Structures are given as C-alpha cells and as structure tokens.
There are 2 protein chains.
Amino acid sequence: MSKPSRRSRGTVTVQDVARVAGVSAMTVSRVVNGGTNVRETTREAVLAAIAQLNYSPNSAARSLAAGDATQIGLLYSNPSAAYLSQFLIGALAAARRAGCHLVLEACESERPDEQAEATRSFASTSVEGVILPPPLSEAAPVRAELEAAGIPWVSVAMGLPPARSLNVRIDDFEGAAAMTRHLLDLGHRRIGFIRGNPNQTSSAERYRGFAAALEEAGIDVKSAPVEQGYFTFRSGIVAAERLLDRADPPTAIFASNDDMAAAAVGVAHRRGLHVPQDLSVVGFDDTSLATTVWPELTTVRQPISTMAEEALALLLARIRSHRSSETDKLEDQVLDHELIVRESSAPPKGTAPARAGGGRRGAGATSNPGLR
Amino acid sequence: MSKPSRRSRGTVTVQDVARVAGVSAMTVSRVVNGGTNVRETTREAVLAAIAQLNYSPNSAARSLAAGDATQIGLLYSNPSAAYLSQFLIGALAAARRAGCHLVLEACESERPDEQAEATRSFASTSVEGVILPPPLSEAAPVRAELEAAGIPWVSVAMGLPPARSLNVRIDDFEGAAAMTRHLLDLGHRRIGFIRGNPNQTSSAERYRGFAAALEEAGIDVKSAPVEQGYFTFRSGIVAAERLLDRADPPTAIFASNDDMAAAAVGVAHRRGLHVPQDLSVVGFDDTSLATTVWPELTTVRQPISTMAEEALALLLARIRSHRSSETDKLEDQVLDHELIVRESSAPPKGTAPARAGGGRRGAGATSNPGLR
DNA sequence: AACCGATACGCAACCGGTTTCATGTCGATT
DNA sequence: AATCGACATGAAACCGGTTGCGTATCGGTT
C-alpha cells in the first residue's frame, strides 16, 4: 500500500482472487478455464471469490501467456451489404470469445492480380488464417495465393466445395428444391428462374435443386423459363424483364438471391402486376433486404451469423491442431437452412377464385417440404 | 538450439531484432514507437533488422505491458444494414490500429427497460467506453445507464448534440440545405419532403436545412408538401403515396434517408412515373442502397466508415486522458459531407424540352452549392 | 582542460496469466 | 502394511514488450 508504482492499475488479478479464495493463482486459472482436476469445494471457493471481486481475466495477458494471440484475416468483397453486416457480427462475436483479432481487408476488384495483391497483404501481416465469405470463397487467385503462403483458410457458402478444404455452408441444392416445391404446392406450373453469378458454385447448385424439384413434379425442365443473373439488384431487373416479356410469362419467379428477387418485385410493380396476386416472387438467403421491401419476401434462410461463427471456430481448430501437428481433419460443415414463407408467394391467379385455401390441391404429394 | 521448450514459437521478437541490429530490446521498442531519443544511424540499423526479419510486434504483449488493453463496446440497433456494415468496417479497422477489442452488443428493442438492460451488460464486462451509432445515440435510457455506470461514450451522427458530450457527425442542416438547393437549381419549385424519425435530432436538422434553402429561394415553406417518415423503407412507401396523392403533387421528393428514397422510387414506378423524367427522388446518407436501386440515387454522402474511426479515436483519447486525469476536452467533431449527384434527379418535366442544359437557369444565384 | 546538461541507450523489474514440473494426499492394489 | 498411481495443488519460469531509472557518451561553456 506504500508504493504501487505502476501495478495496481485498479484491476483485480488472479493473484487477488487466489488470495481471497485461499489458493494459488494456478488453481484459479484452472477453475476459470477447463476446470479439470479441481476439488468441488475448492472450485466453489474460487468461484465465490471471483464473483465477490467481480474478476474478469485480462485477455491480453491470457493470449500472451497461452501463445494464442491469433490474427484472423477476413477478406471481403462487396456482397450485399446486408449479408456483410450479418456476417461481421457473427465473426466478431466468435472472435471475441476465442480471444483473437479480426483483420479486415477489402477486395472489391475482380481482377486476378488485384485479388492476389490483397491476399498477399495478409501474408505479411502475420495473419494465421483467413475467412473467405462469398464471392471470394471461390476466387481462384485468392486461394492460390493463400496456398502458396501456407495460410489456412475457410470458405463460406460455397455451393459445391472441393475435397480437402474447410467449408461452412448450407445445402443449396436442397434449399432451392424446397423452395421450388413450395411454389409447386401453391399450384404454380410455369416458374421462372433467375440464375446466380456463374462464378459461384452455389448458383449451379441452386439451379440443380430447382430443376430436380421440377422434374420430381413431372415438369419438363427445358420448358421452364430461365434467365441469367449475377446476384446483383441490377442484373435482377434485366432478368425479370426478360422473363415477363415472354409470350407465355411465368406465374412465379424464383430468384437465386434476395437482391434479384427484390428487383423482380420492382419490375413487376412497374408493369402494374401485383405481388403476389398476379405474380409470386421468391428469393434466397433471407438477408435484411427480404423484410425491407414490400411485400416481404418468401425466401430460404441462411444462418449467416452462425455460419461466420462456425467458420471462425473451424479455422481456429485447424490452426491450433496444425501447431500441435495433429492430423487435421478437413471439415465440410453443412448447416441447416429453413424455408421462410412470407407475403410474396401465393397461389397463381387462375387457380381458385375462392378466398381461402385456393390451390391447395395443386400438388398434393409434396406438401410442406423442407420444414422441420 | 537445444531445448526451445515453449519459447521460439516461430515468431521473431524484439530480442531477435535487437540482436541483429546490435542494440538492446529497449532501443528497438523506442524505434518502433514514438522513436524519440534515438540516433539516426541506430534507427536505420534497427529498421533494417526489422525489415530483414520481417518482424511485427505482438499486440497482446504490447497491450499487456503498456496496460492499454482496452475493451470498447459498440451497442447497435438495426439501422439500415448497409449503414451498419460500413460502420463496423471503419470501427474494426480503427480498433485494430489502436490495439483494442470491439465488443458488440445488439439492442434491437425500443423498450426503455430492455435498452437499459443491454447497456448494463456492458458495465459488467469491464468495457471502458461505448460507441453509440444511430439511432441509439439518442436513446435516453442508454445514455442514463452509461452515465450512472461512469462509462464514457461517444455518439455518432446526432443531428444536434447536447453540450458536454463526445460526438462525431456531419452537418445535417447544411447537407439538407445543399441538396435542396440542388433541386432548386434544377428548376423544381414544388419539392416534397419526407421527414425522418422524430426520435432522432438529425431528422429535425435535415428538415431545418430543407426549410432554410426553400426560404432562401423565396418559397413559402408552409406550402411545401411534407410527410412524416421513420427512416424505414416501409414508412417511405406510405409517405411517398401520400405525397403523390396530393392534388398538386411535387415534381421532386427529398427523403431524409436513402431507404425512404428507394421506397419513393418504388412507389413512383408502381404509378407509372419515370424517375427522374417525371419525378426526381433524392436521398441522404449514401449507403450502398443508393447505388443498388435503379436509377441510382442522388444523395448526400456521410463518410460512415471514417466517422466510426473518428469516434473510436475520440473515445480512446477520452479514456486515456481520464486515466492520467488530464482535463478532458469535450469534443464535437463535424466531418465533411458531400453532395453526390447521380441519376435520380433531373429538371422537372415542363422546364425545357431541349435535350441539353435544360432548366439550368432556374436559380442562378445558388449554383453548385455544397461541393468542395 | 575540467565541468555540465542533454541525449543515447541498457538493465532489471513488471504486466497478468499459463505452462512445466515438483510435491503432497489419498484410496486402492498386492 | 508398504506400494503405486490418480488426483489436487503450488512454486517458479516464461510469453514478448514496456516503464523506471541508472550509466555512458557527446557537444558546448568558462
């Protein structure tokens, strides 16, 4: 109490807790962490002391001592802003729990050399692993650069991940199939489809799911109106225009993501079509855009935040196991998706003029699929 | 080289650099930081060693030793997703530079007790300061709770901050005035205005700016069509409908943010009005939504990322000065805004059938305002 | 030439936990 | 009853950088 010099910065330390609990700092540490090999009575004493002193461990000291101080890189491009914020929130929460720093790096460009450049900047920052949300998860230059630098990475939301890689995703095929069945159940037979950007495998998977469900219902896939989109709102406008310009326009449009679905709604409105009475429009991802527009979009939910958390956990496990030279099991984690039915989908117009329950018998066999 | 035990985790340390440079660790530290009192030749030697070894300081050790390990809280509500992601990116970058952790906490509710609860959870997490992006920057329960806990905070994007508080914002009044002048310059005389949520002072400031510019041009503010909005897309739809339902509808709509402007564009389209030929629509904030919709929105740019960085810096300065019990100067930082003219604004229909330059002489005096 | 303050730089302790390893205890085995 | 291993716990070194303070060096005075 005489000359606290620079110690006693006001924070309570393990030492304080140890003193109060009548044990050593070591034991406190054991209780706070795993908690193995500590007698129950001792544990309680320590816990009581912790509560009494309102102790919370200093994360800097912890990472320093444990050698955990990991920097995780997050290379982001410009996916829909809604997607990114969701993703960041999840990643940040997980990073804090794991006690590691998140290092962001933007990579808006699509030019291979610039992508490589952005990636290289990570190698020099002593980043120990990188998270790749879409669409960068499939950017070849990025992956090549990471491979060369020997930095592990985890890709998020790929449609069809290559073997021997870390992945977190949903089942795009099943998600798209479930959505298609939903539209079929409502009675739709001419369903227009807007594909996603071909530079992402999820686009192909979603289309495959759509096609499979159609086939399942005995509809010739070749007859289905399909237009190419690129996941952007703008591309959705063009695709939707083309779809509705057809001689025999669809009664429902299934866009490969919410941005394009929102665009389709806009196009429909501009043409005087009411959604969902005159045209059903459904999306994919359930970003905040889906509930922003009017009417709210029926869509397939992707647990974006959770996926980010999962991705970080996977990557961290990989890094730690690599350190202790364990055999790292390469994982491909598939999370549950969910069909979210909102206001933008309804039975097609001709089906049943009756107010309620119209069109229910459209496709009896495949009722309520994909919902758990 | 015999028994590295747990040392030599592969990272290069100050010691390594010191050895190579032929100095002590102390000197290396001095060079890396401020760099005071180091001879030029020595500094170069150290720098060379750093480059050669590709040394990068361990941030955990640094914060531990310097006692800087600061946890900064970020309490977010659901502003437009586009806003949040921009904000997070800026905050994260600044946090990393400053070597402090960002602790996120969601607070979606508008109920005072739940807001207070969310805030309290920070007090127990030993968060040393809190960043409050809108709309929480003005939430009374949050501020009261923070005040009670003695935790400093900085509010972002308030319209009219109270005295004695930390703030980062733009000049909403001037921004709105500049935008209004832009519309006046184009020749518009009946400009509809959609107000923002009254629970944020920026709403009032933006309206004031609008009114001032109108008055400046000799237009009676009372005659201007004004509708109440709440910053949400949904509220923008309602307000725009009302505006266009008027007997004497406006030739331009100035919405208090981009979300509502996007909604207004949608409404216009649904009514068969072309933007900007039949109706100009402009927004505020320049979130990514502004460039997502078609046509792209003329808007007032708010440097969101920079504001987040600035907010963190301000807060950190406050905390550090508080520690060393300096007199903390309370700051209210006003950043530059910028008028961004895109495709959604044009001269009103009747103005000039001529192809180019139509309506330019509408309001000669106030040409090109707000642009620097 | 002796003196002096300023400037350059190093030594050792320290930040707050964690790992390593040694020690003490106790019930179960032979 | 002596032995042994699993369990519980503590002492000391350590993680990598920084602060406090002491020493050496240098240029300029008188």
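Letters go in sequence order (proteins before strands), and every chain restarts at 1. Keep in mind that this is a model prediction, so the values were computed, not measured.
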Report task. Quickly work out the E44(B) CD to dC9(C) P distance and round it to whole Å. Result -> 12 Å

Query - Closest-nucleotide ordering on DNA chain C, the 5'-leading residue of V14(A) and V38(B) - result: V38(B)

Query raised in the report: Taking OP1 and OP2 of dC11(C), is either one under 4.0 Å from a side-chain nitrogen or oxygen of S24(B)?
Result: no

Requested in this report: Check whether the side chain of R30(A) and the base of dG17(C) form a donor-acceptor pair under 3.5 Å.
Outcome: no

Report task. Look at the side chain of A65(A) and decide which nucleotide, out of dC15(D), dC9(C), dG17(D), has an atom nearest to it. Result -> dC15(D)

Requested in this report: Starting from P on dT7(C), measure out to CZ on R43(B) and report it in whole angstrom.
Outcome: 15 Å

Query - Rounded distance (Å) that lies between atom C1' of dC9(C) and atom CD of E40(B) - result: 16 Å

Query raised in the report: For the residue pair R143(A) and E138(A), what are the closest heavy atoms and their distance?
Result: CD-C, 4.2 Å

**Report entry** S29(A) side-chain proximity, nearest of dG10(D), dA8(D), dT18(C)
**Finding:** dT18(C)

Report task. Would you check if L132(A) and L146(A) make a side-chain contact, meaning some heavy-atom pair closer than 4.5 Å? Result -> yes

Query raised in the report: Quick one: does Y83(A)'s side chain get under 4.5 Å of Q302(A)'s, heavy atoms only?
Result: yes

Requested in this report: May I have the distance from Q71(B) (atom CD) to dG16(C) (atom C1'), rounded to whole angstrom?
Outcome: 14 Å

Report summary line: Looking only at heavy atoms, the pair that brings G90(A) and E309(A) closest together is O-CG, 3.2 Å

Query raised in the report: Which part of the nucleic acid, if any, lies within reach of V23(A) when heavy atoms closer than 4.0 Å are counted: base, sugar-phosphate only, or nothing?
Result: sugar-phosphate

Requested in this report: Verify the contact: side-chain N or O of S63(A) to OP1 or OP2 of dG17(C), cut-off strictly under 4.0 Å; return yes or no.
Outcome: no

Requested in this report: Please check the phosphate of dA8(D) (OP1 and OP2 only) for any side-chain N or O of T42(A) closer than 4.0 Å.
Outcome: no

Query raised in the report: So does R62(A) get a side-chain nitrogen or oxygen closer than 4.0 Å to the phosphate oxygens (OP1/OP2) of dG16(C)?
Result: no

Requested in this report: Calculate the interatomic distance between M26(B) atom CE and dG16(D) atom P; express it in whole Å.
Outcome: 18 Å

Report task. Check whether any side-chain N or O of T13(B) sits under 4.0 Å from OP1 or OP2 of dG16(D), and answer yes or no. Result -> no

Requested in this report: Could you please name the option among dT19(D), dT18(C), dG16(C) that lies closest to any side-chain atom of L64(A)?
Outcome: dG16(C)

Query raised in the report: Is N37(A) near enough to dA8(D) that one of its side-chain N or O atoms lies under 4.0 angstrom from OP1 or OP2?
Result: yes

Query raised in the report: Can you tell me how far C1' of dG17(C) sits from CG of D16(A), to the nearest Å?
Result: 13 Å

Report summary line: Judged by nearest nucleotide, the residue sitting upstream toward the 5' end of DNA chain D, A61(B) or A25(A), is A25(A)

Query - Separation of atom CG in N33(A) from atom P in dT19(C), rounded to whole Å - result: 7 Å

Report task. Return no unless some side-chain N or O of N58(A) is found under 4.0 Å from OP1 or OP2 of dC15(C). Result -> no

Query - Side-chain heavy-atom pair E331(A), V154(A) within 4.5 angstrom cut-off - result: no

Report task. Check the pair N58(B) / T13(B) against side-chain contact (heavy atoms from CB on, under 4.5 Å), numbers first and verdict last. Result -> CA-CA 8 Å; N58(B) 178 322; T13(B) 75; over 6 Å; no

